[in-house]
Amino acid sequence: MPEGPSIIILKEELQPFVGKKITAAGGTSKNVDYKAITGSRVLDFRSWGKHFLICLPDRTLRIHLLMFGKYSINDDTRPAQPRLRLEFGKKFINFYSCAVNTILEPLDEVYDWSADVMNPAWSARSALKKLRANPHMLVCDALLDQQIFSGVGNIIKNEVLYRIRVNPKNKVGSLPAPKLRAMTKEAVHYSFQFLDWKKAFSLKKHWLAHTKKICSRDGHAIIKEYLGKTNRRTFFCPTCQVLYR
DNA sequence: TGGAATGTTGGAAC
DNA sequence: CGTTCCAACATTCC
């Protein structure tokens, strides 16, 4: 479900609820004061990477869909109990198996919007600065670092590295400067392609590395290894994705 | 059918 | 006290 582009789609699907008043709220999350938010109007839906933000006058509800989170709109056919349910008269939204939190601070104090690859405030310069400050970090970890590339997930990581022909085992500091810039640029570019393809239900069709077995560039085998500090599965072509020294 | 997967967290361990 | 590690969580698919 997640990765930044999917959250953008969620935000777009919920646009009809902007400005609407919550007439009832419930769910299994213990991090929400359901009574307090009943009667509040939704000022806006925002997002920061994989965080989906429901902005109310006096607080923000933060939804993180994690690996298996789901949502449904005006549809109660799911068997599971929603973690969070917001009703707007006869219409409603349900969120399932996600992490829900309440934020009381102003969002600008909580989030660095320039780190979100899909936000207009995204700053490549700022990302490069953070990367240069972490030369020891593996590039496969760097792309998954939400403080640097908020919204990038494992699929985007694999596709970005394949597209710029960079081996995931490189350290940030060993990449030539143009490659580091290319990585930063492609993280944004591919995220928007992901968005378009996901909307067209053709995301998987465009995967070049993720879950693939053969490199479409040179016909060599794509390797699967569990890499980085979080041991995420990483697909890459050791032949065309360069390992710098 | 069991294992793995678009992810993060909190607390234990060191 | 800082860091690192790992279990836990939850759902769907192959």
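The structure displayed is predicted, hence computed values, not measured ones. In what follows, chains are A, B, ... by sequence order, proteins preceding strands, each numbered from 1.
OP1 and OP2 of C:dT12 both lie 4.0 Å or more from every side-chain N or O belonging to A:Y96. Dashed line: the shortest gap from a side-chain N or O of A:R78 to OP1 or OP2 of C:dT11 is not under 4.0 Å. Taking only side-chain nitrogens and oxygens, A:R232 never comes nearer than 4.0 Å to OP1 or OP2 of B:dA5. The phosphate of C:dT11 has neither OP1 nor OP2 within less than 4.0 Å of any side-chain N or O from A:K70. Phosphate contact (OP1/OP2 of B:dT9, side-chain N/O of A:R62, threshold under 4.0 Å): present. A sub-4.0 Å separation between OP1 or OP2 of C:dC9 and a side-chain N or O of A:R83 is absent.
As a whole-Å value, the separation of A:N31 CG from C:dC9 P is 16 Å. One interatomic measurement links the two molecules: CG of A:N101 to C1' of B:dT9, which rounds to 10 Å at whole-angstrom precision. Rounded to an integer number of Å, the gap from CG of A:D141 to P of B:dT8 is 13 Å. Protein atom CD1 of A:I63 is 15 Å distant from nucleotide atom P of B:dT8, rounded to whole Å. When the P atom of B:dT6 is taken as reference, atom NZ of A:K204 falls 11 Å away, rounded to whole Å. Between A:H210 atom NE2 and C:dC13 atom P the separation is 15 Å, expressed in whole Å. Rounded to whole Å, atom C1' of C:dC14 lies 14 Å from atom CZ of A:F68. Between A:K213 atom NZ and C:dC14 atom C1' the separation is 12 Å, expressed in whole Å.
For the residue pair A:E3 and A:I155, the shortest heavy atom distance occurs at OE2-N, 2.9 Å. When all heavy atoms of A:L143 and A:A187 are compared, the pair lying nearest together is CD2-CB, 4.1 Å.
Rounding to the nearest 0.5 Å gives a distance of 6.0 Å between CD1 of A:I37 and CG of A:L84.
Among the heavy atoms of the strands, none lies under 4.0 Å from A:K229.
Applying the side chain to side chain contact (heavy atoms under 4.5 Å, CB included) criterion to A:A36, with sequence neighbours excluded, gives A:D33, A:R59. Partners of A:Y190 under the side-chain hydrogen bond (donor to acceptor under 3.5 Å, both in side chains) rule, at least two apart in sequence or in another chain, do not exist in this structure.
Taking only side-chain atoms of A:S97, from C-beta outward, the nucleotide of C:dT11, B:dT6, B:dG7 with the closest atom is C:dT11. Taking the side chain of A:Q146 as heavy atoms from C-beta on, and the options B:dA5, B:dT8, B:dT6, the nearest nucleotide is B:dT8. Considering only the side chain of A:A80, C:dT11 comes nearest among B:dA5, C:dT11, B:dT8.
Looking at A:W113 and A:D108, their side chains do bring a donor and an acceptor atom within 3.5 Å of each other.
Under a 4.0 Å N-O distance rule, the pair A:D112/A:K130 qualifies as a salt bridge.
With hydrogens and angles disregarded, no donor-acceptor distance shorter than 3.5 Å links the side chain of A:D141 to the backbone of A:L138.
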Map every base of DNA chain B to its dot-bracket character, where paired means a Watson-Crick or G-U wobble contact with both distances under 3.5 Å and | marks a partner outside the strand.
.||||.||||||||
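Remark: the separation of the P atoms in B:dG3 and C:dA7 is 15 Å, to the nearest Å.
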